[in-house]
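What's counted below: heavy atoms across the whole structure, side chains too, no hydrogens, waters or symmetry copies. As the structure is a computational prediction, the values presented were derived from the model and not from experiment.
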Amino acid sequence: MGCSDYVVLMKEPQKFISAFERVIHLGNVRRSNRKIVFLPYDANSIDANLASKTFSLKGSAFVANILMVAYSNKSDQACVQFDMITHTFVGTDDQVHTPLYLDRWNTCTKQFEKQTNLFPHDMKNLHGKTLKVASFNYKPYALVNLDTAVEPLGRDGIEIRIVNEFCRLINCTIEIIQEEVDQWGEVYENETDGVGIIGSVVADRADMALAGLCSWYEEWRVLDFSASVSLFESGVSWKVRRVTGWLLILGSILSCVYGVGLAATFTVPTYEPSIDTIQDIVDRRMIWGATHDAWIFSLTSSTEPLVKQLVSQFRTYSFDELKALSFTRSIAFGIEKLPAGNFAIQEYLTKEAVLDMMVMLEDFYHEQVVIMMRKSSPYTEKISQLVGRLHQSGLLLAWETQVALKHLNYKVQLEVRLSRLKNGGVMKALNASNVVGIYMMYLIGVVLSTSIFMGEHILHHRKIRKEPFLLTTSAEFVWKHHNNEELPVVLEDVHRKCPNITRVYALTEPSVCGVPLYVIEFSEKPGIHQPYIPEVKYVGNIHGNEVLGRELLLGLAHYLCDQFINNNREIRALIHSTRIHLLPSMNPDGWQASTDTGGLDYLIGRTNNHSVDLNRNFPDLDAITFEFERQGINHNNHLLKDLTRLAAPLEPETRAVMRWIMSVPFALSAAMHGGDLVANYPYDESRSGAPASEYSASPDDDTFREIAMTYAENHADMASSHRRGCHTTSADDSETYNFGKQGGVTNGAAWYSLKGGMQDFNYLATNAFEITLELGCEKYPPQHDLEKEWERNRDALIAYLWKGHIGIKGLVTDDSGFIQNAIISVVNITGPVPRPIRHDVTTGSYGDYYRLLTPGHYEVTASHPGYFPVSRIVTVPRRQNVAHVVNFKLEPTTSWFDDETTLGIYPHGLREGQPRIYKRSLYERVANSMLERKDTAKQ
């Protein structure tokens, strides 16, 4: 329907409006200034409500000028008169669709009574009509929900300023529809609905969408764009986006060790050429990523092999994942170069991260940034004209600079602009002393590699016993020792069987030997954290030669999937209410070393490929909390920020798991080991430094004992006092202590003390409660025993996952939304003397928290700087299938109460030894504060 104007003679004009709406969606012709005239059909059958019926249809709201000619009730036999009626296109929402009488035509006088303009809606004055704009926070294009004390409208950004000016010009009112979750989104196949800001426009939930949207072809098929490329044929186009590849200069291991240090002084070249062009990034198979695949929309239709390969190397990650990856030197990040010379750099790239990055010389591609509207939107022509004028006046460049200075990180901008000049300086020739270290390392490497090769050759010919590998890619699970190549195949088999409830992903760094650390997730919405849904994880194979946990988690993945398909009510309820993460192998290199030697040695394969015990490689946060205890400082959680130095460098596997732990709000966790049969709980490190036999209780000792007992009691014989202990390595084949005599559980330090364990790190760095499961006497059980071990552990594995639902959970909010990093403090008031549990948890990005607690009565307090604390009395029942929901709504503090608001938060002077004041009862604090005010007034 390419016509601009339509004259329609139909008995039921509503049918034309409905058909017209469908054709607009399907066609490719766009016109924003269409006019429709409906002629009267039959003088003998006049419908007084015809105009109302027609104008109330959805399609009428998107055509500014509709004129209905109707027989007037003023007509007589001598002179027929016709009423001219239109719809109320302008004005507030409650006025839209109302029929508006314009004029009357008299057939006798052949004149209009009022000589009124029959097409009054020229888009010059919308009389306050609401303009719905879909967007999300995407600097510098759009910033919403800003502090109104700083930005009176609560919004800013280059494109936001365009629509502000647009509404100032045509007198409309802006309503922001925020789409932070799905961001740009996508259009569904039916082309009438979708998600994100694009989907909001397609489904007519919004009139416009803006947030750095490009002129993508697939979106053009169903939407209108603002100013087209042809409008600026001079070559100076509005907001041409230049997507620049921002990469690390990568070299060999030697250049990482020496080249970087020398470069600051000598400007020496790296041992491997820098990545400057698209060809370079494709040749190196460099992964590049962002938070949304909108970054490759402009590239996906290309048939050029180079571009297709470039697209295949793109990955989408969450904000937290990208922030963690920015320090790994293993991934490239897309940034946007704006017309005025600024860069659109997302906040996951911090000043610290960009110090080691460099901008590529060649741009990825150029794109037009547009504002998207529905097809044939009445606003398209007007806003395109405005964009053209803004461009010609230079205001767009000025606005870009203003927004960049006001809202972008200037230090990051400066680092990017100067990234190609970072290593500049006077060139100086190298001498022998500068390179002697390189050759020494080379010589040592040759000697070590030769020795290792000879050792492997000898071991191979001695034919040490090795379990056979049965390669399978079928969906049927086989109980066997799966090698590092088979492990991801097993996980993908599960994902293929249960695609709607699973996701397979790898942690941010592989092992030393480059083996990815794969995780499979089970959830109602894989990949998405949901409030009120606790996150739980199992980690296996931390010590490479302790392999039972690895195979149990592969079996558990298959079991969860199969039981979900078979409608097992317990498993379906568990997956619908819990987000479960299974990491079968944290140490695949150690597993390989142990397997290559037959799995017989008690130590070979325990460590990673750098000979580092990963369960001793985490930051020692126990030492920090014990020192705080000695000083009387009640600060026992989220201690990573108080760490000043590491006892040893972090291994790649440790770093990857730490980023995982810090980025996902886990509530419960278990690490799987072998060599004994017991559930071990914090602390693992003794307070006095004693190597063994010192009970080192955590503030949540009761809770840890309960969750450890849950696993032990549901295991076939972990809690049995009659089973035999495990054999020692002594010559007399004596037995170790049978932990079944104490319920199958033990405090870590009471068994033996260790520093740098993953279990205590989880508890002291995050909200996660983790225990350690020693799954059996044999570290590397024979293949034929694996299925039996599964039967012994299956019920315990499931029962433990349910412990993520004990205690309380909820949201902390204020009038404007969720409060992140609010502090949840607990006092146990079950007995005669209240006992504060001096370990707080904090809320996540959705304001949600999960606090594991044993049955009893508690006073729970939510607090945050700048808000009044709120306390509630909560009872946790003895039998609990789901955590009790306790939500808090906090109110901002007022000036008279400011002196009391520091109670119960971590003071800024904590590092200087100032103790954290423990919270008193909220009622006591309010009463005391008011009494103090009265006393002051009397003086």
### Query
Should I575 and E524 count as side-chain neighbours, where that means a heavy-atom distance under 4.5 Å?
no
### Message
For N881, is the CG atom crowded, meaning more than 12 foreign heavy atoms sit under 6.0 Å from it?
### Response
no
### Query
Less than 4.5 Å apart, any side-chain heavy atom of E685 and any of S696?
no
### Query
How long is the span from the CG atom in L556 to the CD1 atom in I798, to the nearest 0.5 Å?
5.0 Å
### Query
Are any non-hydrogen side-chain atoms of V657 and I542 less than 4.5 angstrom apart?
no
#### Entry: Side-chain donor or acceptor of S688 paired with backbone N/O of A690 under 3.5 Å
yes
### Query
If you take all heavy atoms of L852 and A667, which pair is closest and at what distance?
CD1-O, 3.6 Å
### Message
Between Q178 and V144 (side chain of the first, backbone of the second, donor and acceptor by atom type, cut-off under 3.5 Å), is there such a pair?
### Response
no
### Query
How far apart are the C-alpha atoms of S753 and Y683, what are their side-chain angles, what is the distance that settles it, and do they pass the side-chain contact (heavy atoms from CB on, under 4.5 Å) test?
CA-CA 9 Å; S753 178; Y683 291 123; over 6 Å; no
### Query
What are the two closest non-hydrogen atoms of Q880 and H884, and how far apart are they?
NE2-N, 3.3 Å
### Message
Show the nearest heavy-atom pair for residues Y858 and P855, with the distance to one decimal.
### Response
OH-O, 4.0 Å
### Query
Any donor and acceptor pair, going by atom type alone, linking the side chain of D760 with main-chain N or O of D684 inside 3.5 Å?
yes
### Query
For the residue pair Y850 and H529, does the interplanar ring angle fall in the parallel (under 30°), tilted (30 to 60°) or perpendicular (over 60°) class?
perpendicular
### Given R655, E321, R659, the one that forms side chain to side chain donor-acceptor pair (under 3.5 Å) with T508
R659
### Query
Pick from V678, V745, L677: which one makes a side chain to side chain contact (heavy atoms under 4.5 Å, CB included) with F739?
V678
### Query
Are S318 and D320 linked by a side-chain donor-acceptor pair shorter than 3.5 Å?
no
### Query
Is there a side chain to side chain donor-acceptor pair (under 3.5 Å) between D642 and H635 once you walk through the steps?
CA-CA 10 Å; D642 299 292; H635 178 34; 3.1 Å; yes
### Message
Show, in sequence, the C-alpha distance, side-chain angles and deciding distance for Q759 and I771, and conclude whether the side-chain contact (heavy atoms from CB on, under 4.5 Å) test is met.
### Response
CA-CA 6 Å; Q759 170 182 274; I771 66 172; 4.3 Å; yes
### OG1 on T703 to NZ on K803, rounded to 0.5 Å
9.5 Å
### Query
Does N828 reach the main-chain N or O of R835 with its side chain, forming a donor-acceptor pair under 3.5 Å?
no
### Query
Would you say the side chain of I829 lies within less than 4.5 Å of the side chain of P834, judging by non-hydrogen atoms?
yes
### Task
Verify, without hydrogens or angle tests, whether T843 (side chain) and I819 (backbone) share a donor-acceptor contact under 3.5 angstrom.
yes
### Message
Looking at every heavy atom in both L890 and A862, which two are closest together, and how far apart are they?
### Response
CD2-O, 3.8 Å
### Message
Is any side-chain heavy atom of Y849 closer than 4.5 Å to one of I808?
### Response
yes
### Reference residue E521; test side chain to side chain donor-acceptor pair (under 3.5 Å); the match among R579, H581, K537
R579
## Note on the structure
In short, P584 meets N541 closest at the heavy-atom pair O-CB, 3.4 Å
### Task
With rounding to the nearest 0.5 Å, note down the distance linking CZ in F761 to CG in D622.
11.5 Å
### Query
Any sub-3.5 Å donor-acceptor pair from N615's side-chain atoms to M758's backbone N or O?
yes
#### Entry: R569, CZ atom: more than 12 neighbouring heavy atoms under 6.0 Å
no
### Straight-line distance of R616 CZ to K755 NZ, nearest 0.5 Å
12.0 Å
### Message
Is it true that, when you exclude Q530 itself, more than 12 heavy atoms of the residues, nucleotides or ligands shown sit nearer than 6.0 Å to its CD?
### Response
yes
### Message
Determine whether a donor-acceptor pair (N or O, by modelled atom type, separation under 3.5 Å) exists between the side chain of T830 and the backbone of H857.
### Response
yes
### Reported CG-to-CG distance for the pair L552 and L797, which is rounded to 0.5 angstrom
6.0 Å
#### Entry: side-chain contact (heavy atoms from CB on, under 4.5 Å) assessment of E570 paired with W802
CA-CA 10 Å; E570 181 189 18; W802 279 111; 3.1 Å; yes
### Message
Once rounded to the nearest 0.5 Å, what's the spacing between atom CD1 of I806 and atom OG1 of T710?
### Response
7.0 Å
#### Entry: Side-chain touch K525/I533, heavy atoms, less than 4.5 angstrom
no
### Query
Does R572 reach the main-chain N or O of F564 with its side chain, forming a donor-acceptor pair under 3.5 Å?
yes
### Message
Whether the side chain of T148 engages the backbone of E151 through a donor-acceptor N/O pair (distance < 3.5 Å, no angle test) should be reported.
### Response
no
### Task
Would you indicate whether the side-chain heavy atoms of V812 and I824 approach each other to under 4.5 Å?
yes
### H839 and N636: side chain donor to acceptor below 3.5 Å
yes
### Message
Donor-acceptor pair, distance only, cut-off 3.5 Å: does the side chain of E694 make one with the backbone of R687?
### Response
yes
### Task
May I ask you to say whether D840 pairs ionically with R851, meaning some side-chain N is under 4.0 Å from a carboxylate O?
no
### Message
Testing the basics here: between P682 and D701, what is the closest heavy-atom pair and its distance to 0.1 Å?
### Response
O-OD1, 4.2 Å
### Query
Does the side chain of N767 come within less than 4.5 Å of T842's, by heavy atoms?
yes
#### Entry: Exercise: do N617 and T654 side chains pair donor with acceptor under 3.5 Å
yes
### Query
Mind checking whether H864 and Y867 have parallel, tilted or perpendicular rings, split at 30° and 60°?
perpendicular
### Message
If we check side chain to side chain contact (heavy atoms under 4.5 Å, CB included) with Y532, which of these qualifies: N887, V882, D848?
### Response
N887
#### Entry: Residues Y800, N714; criterion side-chain contact (heavy atoms from CB on, under 4.5 Å); working and verdict
CA-CA 9 Å; Y800 188 80; N714 284 277; over 6 Å; no
### Query
Checking side chain to side chain contact (heavy atoms under 4.5 Å, CB included) against F769, which of Y763, F666, Y681 comes through?
Y763
